[in-house]
Structures are given as C-alpha cells and as structure tokens.
Student: 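One structure is given below, represented as structure tokens, and several questions about it will come after.
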Amino acid sequence: MKIMKKLPSHLKKIVRVLLLLSLVCSLTGLTSACSKKAETAYERAKRTNRIVWGVRPDTRLFGLTNVKTGKIEGFEIDLAKALTKQILGSKGKAVFRPITEKTRITLLHNGSLDAVISTMTITKERMKVIDFSDVYFDASESMIVKKTSKIRNIADLNHKGVVVIAIKGTDVSNQVAKLAPKAKVKQFDDYGSAFNALKAGQGDAMIDDNGILAGLIADDDKFTLTGDALAQEPYGIGVEKGQDQMRQAINKALKTVRQDGTYDRLVRKWFGKVSGFNVKQAESTKVKIQ
C-alpha cells in the first residue's frame, strides 16, 4: 500500500486495472480473457501424435481382451488403428482405454478420451449430449436360433410356449409384444448368461444386435443368425460436443478406408465366417437414425 501511494496517478490506475483483472480471473475462471484458448481434441492428437480411443474389452468380434497377450482385439480395434493412421500419418499411435456402457460418455465429457468406438448406436437422445461420426457399422436387430430350429423370422415366434431371450434394458420386450404377442420374453443381465440360457434350452431364440450376436456364435456351429432385421442400430464413433475438427477428421478417414478397401477387408476378417451374417448389409451406410 505504501508503494501505491508513491506511484504517479496514471500508474496507480494501471495497477488497479491489473489487480481487478486478476481478481476476475481467479473468481470466474474465464479462460477467454485470462488464459490461452483450451486445446481441442484434434489439436492435442496432432501435438502428441496419438488418439485415445474408448473401446469395449468384452464384446467379441468388436473388442475383446486376449487373455494371452492382454491386448484388446476386434473389428473396432483394427478400424480405429486404420483411422488413426489416416488422421495422423503412418507414425500415428492409437491408444485404447477400456470403457463400459455406463462410463463411455462420462469419460468423453471429462476429456479422458478423444473418441469412443464401442458398438454405440446413434440415437437422437445420445445426439443431445455428444456428437457422432458417420455410420461405421450398419448393425440391425436380429436373432439367433439353433440350426435345427424351425424358427426363421419374427412371425415364427408368435406361438404359445415360445420363449425369446433378451438383455435387460433393451427394447426387445416391446417389439416382441407388438410383432409376436403370443411369445414370452425372458431377460438376462449380460450376454454370457443369456447365451448360456439359450444353449441350455431355456429359450427358443435370442434377439439383439446382429454384430453382437455374431460374436456369441462365432465358434459355435450349432447356431445361426436368421430372420429379417427387426430394427436398424447404426453404430457411430462418439466425440465430445463441439469437437468438430475431430469429428470431421474421423469422417474423412472413414470415407478413405471405405474407398481403399480397408473397411471391407476388416468386415470379412471378423464377420465373414459367421453363419447367417450378411456382410453386404454391414457395409451399407444408408440408415435412418432411431
């Protein structure tokens, strides 16, 4: 205070302005006036030469931890690697962080992830809280049955005594009630329990996304995917709201890997040998957002 008294009047005004600005910054956290503009996900990826992807470690064919190597493997992992190379160049690194259905959006919001590729259906509700890339996998709701079963479509389920197995939290119960009202739905908490129940004869069919169902029967030649698509479930890559540079870069990379044959090769690699899986349908991009 003694120093202030000794300063000329014009310098006192400058000091007061600086002190006031400092106080405003500390109280409000205004980044635009008090600090540099926050780094975007795309800018961070370019600076670090890596993209941090949120992936599922428990969904066979899409992303599943290899117990021998400890690494996550699957279609989404290979696709993320290809997209990373397109965006950052040949030396770009894809970093994978395990997520769950409950944590993936939260981790996007807090900046722990640059993007999420985890069998996430593009819906209008989710589009309110995050942004999506173009569709990278045209999933559809389908069903699996034993190859010896006479059930081949939704109409075949509409008989008394038929039991449909589904996962809790899905819309399968409502769909069956509308399309096959005579059938009953038995729900389970997870895919492993649900498929085991189907194998044990506790149900006649299991309904869910065709890609996920394909993973369940990949090594079981007693079951097959069957029936027309009950509903479209287009998967998109999620990014935080406002991260337009990252979203646009991902879309450009997706277009390139489709055009150069990389995408088709990966689809055939992971899904080509699954009984009843429609590879051409998976390659389609003309979908309606639910």
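One-based numbering along the sequence shown. Values in this document were obtained by computation on a predicted structure and should not be read as measured data. Atom set for the values below is all heavy atoms of this structure, side chains included, hydrogens, waters and symmetry mates excluded.
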Student: How long is the gap from CG on L113 to CD1 on I51, to the nearest 0.5 Å?
Tutor: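 One finds 12.0 Å between CG of L113 and CD1 of I51.
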Student: Walk me through whether D220 and K199 qualify under side-chain contact (heavy atoms from CB on, under 4.5 Å).
Tutor: CA-CA 10 Å; D220 196 321; K199 290 191 289 186; 3.6 Å; yes
Student: With sequence neighbours excluded, what pairs up with Y191 under the ring pair (Phe, Tyr, Trp, His ring centres under 6.0 Å) test?
Tutor: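 With sequence neighbours excluded, Y191 shows a ring pair (Phe, Tyr, Trp, His ring centres under 6.0 Å) to no residue whatsoever.
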Student: Between G215 and R60, which heavy-atom pair has the shortest distance, and what is it?
Tutor: O-CD, 3.3 Å
Student: Given the rule in the side-chain contact (heavy atoms from CB on, under 4.5 Å) test, do I130 and H109 qualify, once you have shown the distances and angles that lead to the verdict?
Tutor: CA-CA 8 Å; I130 63 172; H109 286 336; 3.9 Å; yes
Student: Just so I know, are the side chains of D156 and K150 near enough to count as touching, which here means a heavy-atom distance under 4.5 Å?
Tutor: no
Student: Find out if a path of hydrophobic residues (ILVMFWY) with successive side-chain heavy-atom gaps under 4.5 Å connects L230 to V185.
Tutor: yes
Student: Mark yes or no for whether S118, through its side chain, and M120, through its backbone, hold a donor-acceptor pair below 3.5 Å.
Tutor: no
Student: Hey, does L225 have a side-chain heavy atom less than 4.5 Å from the side chain of I217?
Tutor: yes
Student: Answer yes if the side chains of Y235 and D138 hold a donor-acceptor pair under 3.5 Å, and no otherwise.
Tutor: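 Absent: no donor and acceptor within the cut-off.
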Student: Please report the shortest heavy-atom distance between V257 and A82, naming the atom on each side.
Tutor: CG1-CB, 4.2 Å
Student: Salt bridge between R56 and D58, side-chain N to carboxylate O under 4.0 Å?
Tutor: yes
Student: Where the side chain of R97 meets the backbone of S112, is there a donor-acceptor pair that is under 3.5 Å apart?
Tutor: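 Side chain of R97 to backbone of S112, a donor-acceptor pair under 3.5 Å: yes, one is there.
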Student: CG/D221 to OG/S275 distance, rounded to the nearest 0.5 angstrom?
Tutor: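 Separation between the atoms: 9.0 Å.
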Student: Any chance you could measure D204, atom CG, to I151, atom CD1, to the nearest 0.5 Å?
Tutor: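 If I round to the nearest 0.5 Å, the distance is 4.5 Å.
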Student: Within this structure, what is the NZ-CD1 distance for the pair K178 and I154, rounded to the nearest 0.5 Å?
Tutor: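 Going from NZ on K178 over to CD1 on I154, the span is 12.0 Å.
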Student: Given K91 and N49, is the side-chain contact (heavy atoms from CB on, under 4.5 Å) satisfied, shown in steps?
Tutor: CA-CA 8 Å; K91 295 184 179 180; N49 204 37; 4.0 Å; yes
Student: For the pair S149 (side chain) and V145 (backbone), establish whether a donor and an acceptor sit closer than 3.5 Å, ignoring hydrogens and angles.
Tutor: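 No, S149 side chain to V145 backbone: no donor-acceptor pair under 3.5 Å.
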Student: Within the 3.5 Å criterion, strictly below it, is a donor on Q232 or S140 matched to an acceptor on the partner's side chain?
Tutor: no
Student: Taking side chain as C-beta onward, heavy atoms only, is R50 less than 4.5 Å from V52?
Tutor: yes
Student: With side chains defined as the heavy atoms from C-beta onward, is the minimum distance between T84 and K81 less than 4.5 Å?
Tutor: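 Heavy-atom side-chain distance check fails, nothing below 4.5 Å.
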Student: For the residue pair F62 and F137, is the inter-centroid distance of their aromatic rings smaller than 6.0 Å?
Tutor: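 Yes: the rings meet the under 6.0 Å criterion.
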Student: Does T226 use its side chain to pair, donor to acceptor, with the backbone of R152 at less than 3.5 Å?
Tutor: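 Yes, T226 side chain to R152 backbone: donor-acceptor pair under 3.5 Å.
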Student: Between D114 and R44, is there a side-chain N and carboxylate O pair less than 4.0 Å apart?
Tutor: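 Answer for the salt bridge query: yes.
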Student: Should L198 and L61 be regarded as members of a common hydrophobic cluster, given that ILVMFWY residues are connected when their side-chain heavy atoms come within less than 4.5 Å of each other, either directly or indirectly?
Tutor: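 In one cluster with L198: L61, yes.
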Student: For residues I212 and L266: do they belong to one hydrophobic cluster (side chain heavy atoms under 4.5 Å, members Ile, Leu, Val, Met, Phe, Trp, Tyr)?
Tutor: yes
Student: Please check: side-chain N/O of D260 versus main-chain N/O of T262, any donor-acceptor pairing under 3.5 Å?
Tutor: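 Indeed, once roles are kept as given, a pair shorter than 3.5 Å links the two residues.
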Student: For I72 versus P98, what's the shortest heavy-atom pair and its separation?
Tutor: CD1-CG, 4.2 Å
Student: Please tell me whether N196 and S193 have a donor and an acceptor in their side chains that are separated by less than 3.5 angstrom.
Tutor: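 S193 and N196 do not have a side-chain donor-acceptor pair below 3.5 Å.
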Student: Would you please indicate yes or no on a ring centroid separation below 6.0 angstrom for F188 and F195?
Tutor: no
Student: Start with the C-alpha distance between K269 and D78, add both sets of side-chain angles, then the distance that settles salt bridge (charged side-chain N to carboxylate O under 4.0 Å, His left out), and finish with yes or no.
Tutor: CA-CA 10 Å; K269 171 185 175 181; D78 285 352; 2.8 Å; yes
Student: Begin from the C-alpha positions of Q248 and N251 and carry the test side-chain contact (heavy atoms from CB on, under 4.5 Å) through to its verdict.
Tutor: CA-CA 5 Å; Q248 291 167 5; N251 283 341; 5.6 Å; no
Student: For D209 and E141, indicate whether the former's side chain and the latter's backbone hold a donor-acceptor pair under 3.5 Å.
Tutor: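 No.
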Student: Do V172 and V163 share a hydrophobic cluster, counting only Ile, Leu, Val, Met, Phe, Trp and Tyr and linking them when any side-chain heavy atoms are less than 4.5 Å apart?
Tutor: no
Student: Does some side-chain heavy atom of T59 sit less than 4.5 Å from a side-chain heavy atom of L64?
Tutor: no
Student: Do you reckon V55 sits in the same ILVMFWY cluster as I250, going by side-chain contacts under 4.5 Å, direct or chained?
Tutor: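 As far as the 4.5 Å side-chain criterion goes, I250 and V55 are connected within one cluster.
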Student: Strictly distance-based, threshold 3.5 Å: is any side-chain N or O of S142 a donor or acceptor partner for the main-chain N or O of N210?
Tutor: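 Answer holds: no.
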Student: Counting only N and O atoms by type, is there a donor-acceptor contact under 3.5 Å from the side chain of K184 to the main-chain atoms of K160?
Tutor: no
Student: What closest approach, in Å, do L88 and K93 show between heavy atoms, and which atom pair accounts for it?
Tutor: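 Scanning both residues, the minimum pair turns out to be CD1-N, 4.5 Å.
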Student: Side chains of T106 and T103: donor-acceptor distance under 3.5 Å anywhere?
Tutor: no
Student: Where the side chain of K147 meets the backbone of T224, is there a donor-acceptor pair that is under 3.5 Å apart?
Tutor: no
Student: Counting N and O atoms only, with roles assigned by atom type, does the side chain of K182 sit under 3.5 Å from a partner on the main chain of L157, one being a donor and the other an acceptor?
Tutor: no
Student: With distance as the sole criterion, is a donor-acceptor pair present between the side chains of S173 and Q187 under 3.5 Å?
Tutor: yes
Student: Please report the closest heavy-atom contact between N158 and A183, naming both atoms and the distance.
Tutor: OD1-N, 4.5 Å
Student: How about CD on E43, more than 12 heavy atoms from neighbouring residues, nucleotides or ligands closer than 6.0 Å, or not?
Tutor: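 Above 12, so yes.
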Student: Check whether any side-chain heavy atom of W53 lies under 4.5 Å from a side-chain heavy atom of V116, and answer yes or no.
Tutor: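 Of all side-chain heavy-atom pairs linking V116 with W53, none is under 4.5 Å.
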Student: What are the two closest heavy atoms between A80 and A94, and how far apart are they?
Tutor: O-CB, 4.4 Å
Student: Below 4.5 Å, heavy atoms only, C-beta onward: do E76 and Y136 meet side chain to side chain?
Tutor: yes
Student: Rounded at 0.5 Å granularity, tell me how far CE in M127 sits from NZ in K241.
Tutor: 7.0 Å
Student: Nearest 0.5 Å, please: how far is CD in Q86 from CG in L254?
Tutor: 10.0 Å
Student: Taking the side chain as every heavy atom from C-beta outward, state whether W270 and F277 have any atom pair closer than 4.5 Å.
Tutor: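 A side-chain contact is absent here, since even the closest heavy-atom pair is not under 4.5 Å.
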